[in-house]
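In what follows, a single structure is set out as structure tokens and then discussed.
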Amino acid sequence: MADQSSRSTPVDKEDNWGYDLYPERRGEAAQAKWWQVALFGAGQVKTEKISCERNVYNCFQNSPLVKLMYSALKASGCEIDLRRHIACEVCDVKVSGGYDPRLNQIVICQNVARSKGMVQGILTHEMIHMFDACRHELSFKDLNHLACTEIRAANLTHCSFISAMTQGDASFFRIQKQHAECVKNKALGSVLAVRPDVTKEEALAVIDKVFLKCYNDLEPIGRRVRRNSADMIRAYQERTNYGYE
């Protein structure tokens with residue numbers, strides 16, 4: 001899907017952070033595993049890519065969150081071209097997707113993200129990073145910036161408020177605390193995955209430092225999306241309140 005000519009191998013150490021998880025970003029050709037060849041034939045990698053690209057296209061056509069993020073990026077002067085800005089690739093199984101700030105591309109790991117729901121989550125998460133890079137001159141080499149955008153992405157797309165209806169001892173404040181801890185843990189994992197030079201203690205210190213400001217920044221979705229709710233649809237319907245078409 002992405003334009004192959006737009007890729008190049010990173011040249012300095014800092015640019016290489018996280019690239020070990022995305023071999024095709026380093027110019028390595030995707031290879032099928034022996035068991036994939038035995039079970040499915042040598043065309044398995046190509047089949048995975050086609051399936052991944054279909055899921056991406058489906059999300060851009062039908063997912064309220066992906067359509068909202070597309071509108072927000074377009075309104076910010078950073079419109080997405082599917083062929084240029086989205087790439088389905090074979091990745092390390094430790095990751096399901098990523099955002100490449102050097103090339104301004106979102107990577108969907110075709111060997112890991114096999115369902116439409118998973119692709120939707122990855123696209124929305126990475127489009128938040130793309131939005132932050134577009135609107136706020138984000139530098140992924142700045143640990144404060146990296147921690148903030150990971151907090152925002154986890155807050156808006158991954159961690160959902162847990163229903164207290166079946167928990168007799170649950171309270172709003174307890175649920176809110178659980179949600180915040182979920183966001184911190186997800187952000188921590190993401191920071192450590194792309195910054196091997198940073199210790200867990202260093203990452204936690206930076207996350208705590210920027211947490212409150214970044215946790216309360218709900219742009220451009222405008223709300224934390226609850227699991228099994230109509231929040232995605234509501235957020236999309238409310239996009240015009242923020243100037244998004």
Between E89 and I108, does a side chain to side chain contact (heavy atoms under 4.5 Å, CB included) hold up when you go through it step by step?
CA-CA 6 Å; E89 299 179 3; I108 307 296; over 6 Å; no

Residues D81, R83: salt bridge by 4.0 Å N-O rule:
no

Minimum heavy-atom separation for A133 and L138, please, with both atom names.
CA-CB, 3.6 Å

If you look at every heavy atom in L146 and V194, which pair is closest and at what distance?
CD2-CG2, 3.9 Å

Just so I know, are the side chains of Y22 and V90 near enough to count as touching, which here means a heavy-atom distance under 4.5 Å?
no

Just wondering, do N216 and N155 contact through their side chains at under 4.5 Å, heavy atoms?
no

Evaluate whether atom CD1 of I50 has more than 12 neighbouring non-hydrogen atoms of other residues, nucleotides or ligands under 6.0 angstrom away.
yes

Cluster overlap V66 with L218, hydrophobic side-chain contacts below 4.5 Å
yes

Go through the steps for R152 and F131 under the test side chain to side chain contact (heavy atoms under 4.5 Å, CB included), then give the verdict.
CA-CA 11 Å; R152 282 180 22 78; F131 178 84; 3.9 Å; yes

Could you tell me whether a side-chain N or O of E126 sits under 3.5 Å from a main-chain N or O of L123, the two making a donor and an acceptor?
no

If we ignore angles and hydrogens, is there a donor and acceptor under 3.5 Å between the side chains of Q105 and Y99?
no

Using only atom types and a distance under 3.5 Å, with no angle test, would you say the side chain of N58 pairs donor to acceptor with the backbone of K116?
no

Salt bridge or not between R114 and E48? Use side-chain N to carboxylate O under 4.0 Å.
yes

CG of N55 to CD of Q120: how many Å apart, nearest 0.5 Å?
11.0 Å

Aromatic rings H179 and Y215: how do their planes relate, parallel, tilted or perpendicular, breaks at 30° and 60°?
tilted

Tell me whether the guanidinium CZ or amine NZ of R54 lies under 6.0 angstrom from the six-membered ring centre of Y57 and within 45° of its axis.
no

Please examine the side chains of I80 and M127, heavy atoms only from C-beta on, and report whether any two atoms are closer than 4.5 Å.
yes

Apply side chain to side chain contact (heavy atoms under 4.5 Å, CB included) to residues V95 and C109 and explain how you reach the verdict.
CA-CA 7 Å; V95 293; C109 297; 4.1 Å; yes

For the residue pair T149 and H129, confirm or rule out a side-chain donor-acceptor distance under 3.5 Å.
yes

Any side-chain heavy atom of I221 within less than 4.5 Å of one from L68?
yes

Euclidean distance, S190 OG relative to I151 CD1, rounded to 0.5 Å:
10.5 Å

Decide yes or no for C88 and V56: does some side-chain heavy atom of the first lie under 4.5 Å from some side-chain heavy atom of the second?
yes

Determine, stepwise, if the pair D208 / K184 fulfils salt bridge (Lys or Arg N to Asp or Glu O under 4.0 Å).
CA-CA 8 Å; D208 285 338; K184 285 185 178 181; 3.3 Å; yes

What's the separation between atom CG in L188 and atom CG in N185, rounded to the nearest 0.5 Å?
6.5 Å

Go through I122 and T157 one step at a time and tell me if the side chain to side chain contact (heavy atoms under 4.5 Å, CB included) criterion holds.
CA-CA 9 Å; I122 295 165; T157 65; over 6 Å; no

What are the two closest non-hydrogen atoms of C148 and V210, and how far apart are they?
N-CG2, 4.1 Å

Which heavy atom of A113 sits nearest a heavy atom of S96, and at what distance?
CB-O, 4.2 Å

For I207 and A187, work out which heavy atoms get closest and say how close.
CD1-C, 4.0 Å

Any donor-acceptor pair under 3.5 Å linking the side-chain atoms of E245 with those of S71?
no

Answer yes or no: are there more than 12 heavy-atom neighbours, outside K67 itself, under 6.0 Å from its atom NZ?
yes

Does K209 reach the side chain of N144, with side-chain heavy atoms less than 4.5 Å apart?
yes

Correct closest heavy-atom pair for L192 and A203 would be CD2-CB, 4.0 Å

Are any of the side-chain nitrogens in E219 or R135 under 4.0 Å away from the carboxylate oxygens of its partner?
yes

Value rounded to 0.5 Å, distance of CD in Q178 from SG in C159:
11.0 Å

At what distance, to the nearest 0.5 angstrom, does CD1 of I86 lie from CZ of R84?
10.5 Å

Would you mind reporting whether Y236 and L65 have side-chain heavy atoms less than 4.5 Å apart?
no

Check whether any side-chain heavy atom of R234 sits under 4.5 Å from a side-chain heavy atom of R223, and report yes or no.
yes

The reported gap from CE in M130 to OH in Y70 (rounded to nearest 0.5 angstrom) is 12.0 Å

